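Below you'll find the structure, written out as structure tokens, and then a few comments.
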2 protein chains.
Amino acid sequence: MEAARVVLNRDPDAGLDAIAVEAGLTRRAVYGHFANRDALVQEMVVRGTARVAEALVAIDHPQPLVRLALIASRMWREVDTMRLTSLLAVRGPFQEQVAEQLRPVRRHLLDTVRDGARHGVRTDIPADTLARLIEGAAIMVLDEATRTRMSAASGRRLAMLAVLAVAGLDAAAANRLVDETPELRA
Amino acid sequence: MEAARVVLNRDPDAGLDAIAVEAGLTRRAVYGHFANRDALVQEMVVRGTARVAEALVAIDHPQPLVRLALIASRMWREVDTMRLTSLLAVRGPFQEQVAEQLRPVRRHLLDTVRDGARHGVRTDIPADTLARLIEGAAIMVLDEATRTRMSAASGRRLAMLAVLAVAGLDAAAANRLVDETPELRA
DNA sequence: CGTAACTTGCACGTCGCTGTGCAAGTTAGT
DNA sequence: ACTAACTTGCACAGCGACGTGCAAGTTACG
């Protein structure tokens, strides 16, 4: 399970053998726990997505901008799962499934974007489009930060800054927000 | 060739059969032109990347911010090729090849970012990191715009705004720049 | 017409991955 | 020591995609 996350994060098309080896097992042994490859991946992605979705929906802060930054922050905390989830949300046999699980998260994000209109979030781009861009930007930064083996602190901050940038804040305002909000320093 | 671009854009792992059909040929006939599947993809990606790279490096405007917007704009003009190129630059057997071809482009982008420091480009993020983020953001927007079948004008504008946002401009300044610069209206 | 280039259809072998069957081995719990 | 759960190794069949060989057909050009 854990092994699958690691391996599939490296190569989403990795064979069952690679996963088994990573788990310290034989390919044959895996079939004792899962009916087939898809069942394994399904199980993993569903669990992971559920955890992430729950964590993101739970974000609740009076200021919309802080909520946005917190979303980026929590995503970073679950990078591995997030990257897989977002990957599987686009291609693969689980698109629907994952999309369904992400619905409340996306709704929450959209609400936050709308809510932020009076706090500096740009309105020149339709809210739903902007929400998608913010989501995409977060994932993209996560990818980049992972690829360059960025430190936890740097990655988190970068994710927050990028999300706020796409949301429409200028650099100065974003840095001020991140530095002066206690919840964003945790 | 053209067919390969279309098909692989839908599914990067598409079989040779699908490509042949799209081209109005038989799988067998393709082997009359290319030694094997890899040769075909290689040829296509190399040609495409070369074109794009050339177009992007040729961008030359006194204002760095305009250069950034132009990069996004030209990328949008070559969406299909760009998406494939960026995809192949990360995974697949051509990583090195593509990365090599993109080197001058990335250097140009990095120079532009550095150059923009005095024109509103954020400096709180290291220039090389920021350059990567801008590149990633552009691709991400292209993907999103393609997925939602956005109109040419909308897609182009969105790409420009997103790139400028990540570069550190606030929404108002970005819109002003895009609207008031003749080169960005073309 | 004749020829050269190209395409087609079909057959075939190969490769890599999947999923299963079975006998034998290991490990943990009682 | 006995059992139950789990693992291993190996063998096998299936599937899909690749790459090739060959005979027959089409098309363009002289």
Side-chain angles (χ1 to χ4, degrees), chain A residues 1-49 80-81 83-99 101, chain B residues 1-49 80-81 83-99 101 143 146:
Chain A
M1 196 94 275
E2 184 70 15
R5 212 193 51 192
V6 173
V7 172
L8 295 184
N9 232 320
R10 262 205 304 275
D11 173 13
D13 296 326
L16 195 50
D17 206 16
I19 299 177
V21 168
E22 172 74 27
L25 291 182
T26 325
R27 188 173 68 90
R28 191 61 189 80
V30 176
Y31 286 101
H33 302 275
F34 302 94
N36 50 42
R37 187 183 184 281
D38 267 15
L40 198 178
V41 179
Q42 165 113 344
E43 177 88 10
M44 180 201 62
V45 77
V46 166
R47 278 182 198 276
T49 305
D80 293 341
T81 305
R83 291 181 56 204
L84 263 186
T85 291
S86 65
L87 225 172
L88 281 277
V90 179
R91 54 177 89 266
F94 310 119
Q95 297 185 24
E96 290 182 24
Q97 172 102 20
V98 174
Q101 284 186 274
Chain B
M1 196 94 276
E2 185 68 14
R5 212 193 51 192
V6 173
V7 173
L8 294 184
N9 232 318
R10 262 204 304 274
D11 173 15
D13 295 328
L16 194 50
D17 206 16
I19 298 176
V21 168
E22 172 74 27
L25 291 181
T26 325
R27 190 171 67 91
R28 191 62 189 78
V30 177
Y31 286 101
H33 303 275
F34 303 93
N36 49 43
R37 188 183 183 281
D38 266 15
L40 199 178
V41 179
Q42 166 114 344
E43 178 88 9
M44 182 201 61
V45 78
V46 165
R47 280 184 198 276
T49 305
D80 294 342
T81 305
R83 291 180 58 205
L84 261 186
T85 292
S86 66
L87 225 173
L88 279 279
V90 179
R91 56 176 87 265
F94 311 118
Q95 297 185 24
E96 290 183 24
Q97 172 101 18
V98 174
Q101 284 185 274
D143 258 25
T146 303

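Because only heavy atoms are used, hydrogens play no part in the values below, and waters and symmetry mates are left out as well, while side chains stay in. Nothing here was measured: the structure is a model prediction, and the numbers come from that model.
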| query | Please give, in whole Å, the distance from dT27(C) P to L25(A) CG? | reply | 14 Å
| task | Find out whether R83(A) and L87(A) are in side-chain contact, i.e. whether some heavy atom of one side chain is under 4.5 Å from a heavy atom of the other. | result | no
| Does dC6(C) have OP1 or OP2 sitting under 4.0 Å from an N or O in the side chain of H33(B)? | no
| task | Figure out the CG/P separation between L40(A) and dG19(C), and round it to whole Å. | result | 10 Å
| request: May I ask you to evaluate whether T26(B) reaches the phosphate of dT8(C), defined as a side-chain N or O under 4.0 Å from OP1 or OP2? | output: yes
| request: Please report, rounded to the nearest Å, how far the P atom of dC15(C) is from the CG atom of D38(B). | output: 17 Å
| Side-chain (Q95(B)) to main-chain (V90(B)) donor-acceptor, under 3.5 angstrom | yes
| When you look at M44(A) and L84(A), which way does the side chain to side chain contact (heavy atoms under 4.5 Å, CB included) test go after all the steps? | CA-CA 10 Å; M44(A) 180 201 62; L84(A) 263 186; 3.7 Å; yes
| said: Counting only side-chain nitrogens and oxygens, does R28(B) get under 4.0 Å of the OP1 or OP2 atom of dT8(C)? | reply: no
| Within the modelled atom types, does a donor on one side and an acceptor on the other bring the side chain of R27(B) and the base of dG19(D) under 3.5 Å apart? | yes
| request: Figure out the CZ/P separation between R37(A) and dT18(C), and round it to whole Å. | output: 6 Å
| message | Does G15(A) reach a base, just sugar-phosphate, or nothing at all? Heavy atoms under 4.0 Å. | response | sugar-phosphate
| Rounded to whole angstroms, how far apart are CD1 on I19(A) and C1' on dC17(C)? | 12 Å
| task | Say whether, by atom type as modelled, one donor and one acceptor occur between the side chain of Q101(A) and the main chain of V46(A) under 3.5 angstrom. | result | yes
| For N36(A) and dG19(C), what is the distance between atoms CG and P respectively, to the nearest whole Å? | 5 Å
| message | I need the CG-P distance between D13(B) and dC17(C), as an integer number of Å. | response | 14 Å
| Can you check the D17(A) CG to dG9(D) C1' distance for me, whole Å? | 13 Å
